[in-house]
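Notes follow once the structure below has been shown.
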Amino acid sequence: CNPYPSYLDWSLVSADPVNATIGSTIWYRTKTTNNLYTFSTYNSLGDIAVANGANTTVSKLIPPMQAFWIRGNSGVSSTNLSFKNSMRAHQNNAGNTIKAPQQKNQQLVRLQISNGTYSDETVIYVDQNAQNGFDNYDSQKLFNTNSLQPEVFTHVGSEQLVINGIPVLNSNTEVLLGFKNISASNLTLEAIELKNMDGIKVVLIDKLNGASETDL
């Protein structure tokens, strides 16, 4: 957990060379407004959060004593996580700060699947430094144990992702979606957030049924 009586800036923790063997992602296990446990995810390289209905704000700022998961980089069997006082943040997740946020031109698609009671999200975003294969601009999906909650993710090779960073997004970009816990539900899939798409349509292609298309 965050050992300090102040917020901890995960972007500073993951960027420090002392933590070079650790990935850029953290996961929280927290409750939603429906009193259901869910995994929330934050990726520091993309500055992308997927809260999945968490009853709290999920960002790079880790609250005091908040527990979180990390993952070592590929090929790392064991490692240490190190903190420094310089990684602390003296502001809170409510955004109380005297500095205006930097404007972003990042392209982003946030998809949400819902059965009317429970929902789940996945994000595809663009960063020119990201690769099409799995890297630290991506965040793996941690699945919930509640079979009533539908879940959505994207595929990159053998990895299942909740946050998928890609180098370019245009009208020819195709991303493979995966779903879990959907067999007994009437579901809605919606693009709940589109940023800087410049007229690019987000289309769902059902390749199991004649490649039918639905404009999201």
Side-chain angles (χ1 to χ4, degrees), residues 1-84 87-89 92-93 110-113 118-125 127 130 133-165 178-181:
C1 70
N2 172 9
Y4 297 111
S6 64
Y7 282 78
L8 181 66
D9 189 331
W10 175 250
S11 66
L12 299 179
V13 178
S14 62
D16 196 292
V18 72
N19 292 318
T21 58
I22 293 168
S24 59
T25 300
I26 53 172
W27 296 266
Y28 293 99
R29 184 70 163 160
T30 187
K31 282 191 173 183
T32 68
T33 54
N34 292 324
N35 206 35
L36 174 73
Y37 273 104
T38 187
F39 284 106
S40 298
T41 310
Y42 175 77
N43 184 292
S44 63
L45 288 182
D47 190 24
I48 301 291
V50 175
N52 274 338
N55 197 19
T56 186
T57 300
V58 178
S59 77
K60 67 179 181 179
L61 299 178
I62 304 171
M65 305 307 297
Q66 171 66 52
F68 58 93
W69 275 267
I70 63 171
R71 182 169 175 168
N73 291 330
S74 177
V76 176
S77 58
S78 64
T79 187
N80 295 314
L81 176 63
S82 299
F83 301 121
K84 301 176 181 178
M87 299 170 180
R88 300 169 69 182
N92 62 22
N93 270 323
R110 187 181 299 267
L111 300 176
Q112 181 186 77
I113 192 170
Y118 304 116
S119 64
D120 191 62
E121 297 176 9
T122 190
V123 168
I124 302 118
Y125 75 99
D127 190 294
F134 177 75
D135 60 14
N136 275 333
Y137 289 85
D138 305 316
S139 300
Q140 295 97 335
K141 176 77 173 178
L142 296 188
F143 292 98
N144 296 293
T145 57
N146 185 353
S147 62
L148 298 177
Q149 181 174 358
E151 298 190 87
V152 60
F153 51 92
T154 62
H155 284 278
V156 172
S158 61
E159 296 286 354
Q160 298 168 325
L161 306 179
V162 59
I163 299 174
N164 187 350
F179 302 93
K180 185 180 177 183
N181 299 334

### Message
Please evaluate residues Leu161 and Phe134 with respect to the criterion side-chain contact (heavy atoms from CB on, under 4.5 Å), reporting the C-alpha separation (whole Å), side-chain torsions for both, the decisive distance (0.1 Å), and the verdict.
### Response
CA-CA 9 Å; Leu161 306 179; Phe134 177 75; 3.8 Å; yes
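In this structure Val123 satisfies the side chain to side chain contact (heavy atoms under 4.5 Å, CB included) test together with Ile48, Val50, Leu108, Arg110, Tyr125, sequence neighbours excluded. Applying the side chain to side chain contact (heavy atoms under 4.5 Å, CB included) criterion to Gln112, with sequence neighbours excluded, gives Ser119, Glu121, Ile192. Here Leu8 pairs with Asn2, Tyr4, Val13, Ile62, Phe83, Met87 under the side chain to side chain contact (heavy atoms under 4.5 Å, CB included) rule; sequence neighbours left out.
Applying the salt bridge (Lys or Arg N to Asp or Glu O under 4.0 Å) test to pairs two or more places apart or on separate chains, those with a residue in residues 23-47 are Asp47-Lys104. Residue pairs meeting the salt bridge (Lys or Arg N to Asp or Glu O under 4.0 Å) criterion with at least one partner in residues 133-147, sequence neighbours excluded, are Asp120-Lys141, Lys141-Glu151. Among residue pairs with one or both ends in residues 41-68, those qualifying as ring pair (Phe, Tyr, Trp, His ring centres under 6.0 Å) are Trp10-Phe68; sequence neighbours excluded.
A distance-only check finds no donor-acceptor pair linking the side chain of Thr38 to the backbone of Thr32 [under 3.5 Å]. Between the Asn19 side chain and the Ser82 main chain, a donor and an acceptor come within less than 3.5 Å of each other.
Distance CG/Asn164 to CG/Asn43: 10.5 Å, rounded to 0.5 Å. Put simply, OG1 on Thr122 and CD1 on Ile113 are 10.5 Å apart, with the number rounded to the nearest 0.5 Å. Here the CG atom belonging to Leu36 is positioned 12.0 Å from the CG atom belonging to Asn55, to the nearest 0.5 angstrom. To the nearest 0.5 angstrom, Lys180 atom NZ is 8.0 Å from Asn144 atom CG. Distance check, rounded to the nearest 0.5 Å: CZ of Phe153 to CZ of Phe179 gives 8.5 Å. The CD atom of Gln149 sits 9.0 Å away from the CG atom of Asn34 when rounded to the nearest 0.5 Å.
Counting heavy atoms from C-beta on, the side chains of Thr25 and Ile163 never come closer than 4.5 Å. The shortest side-chain heavy-atom distance between Ser40 and Trp27 does not fall under the 4.5 Å cut-off. Within the 4.5 Å cutoff, the side chain of Asn136 has heavy atoms near those of the Asn73 side chain. Side-chain contact between Gln160 and Gln140: absent, with no pair of heavy atoms (C-beta onward) separated by less than 4.5 Å. In this structure the side chain of Arg88 reaches within 4.5 angstrom of the side chain of Pro5, judged on heavy atoms.
The heavy-atom pair separating Ser6 from Ala89 by the smallest distance is CB-O, 4.2 Å. Closest of all the heavy-atom pairs between Thr30 and Ala54 is CG2-CB, 3.5 Å.
In summary, the side chains of Ser44 and Ser14 do present a donor paired with an acceptor at a separation below 3.5 Å, with no hydrogens or angles considered.
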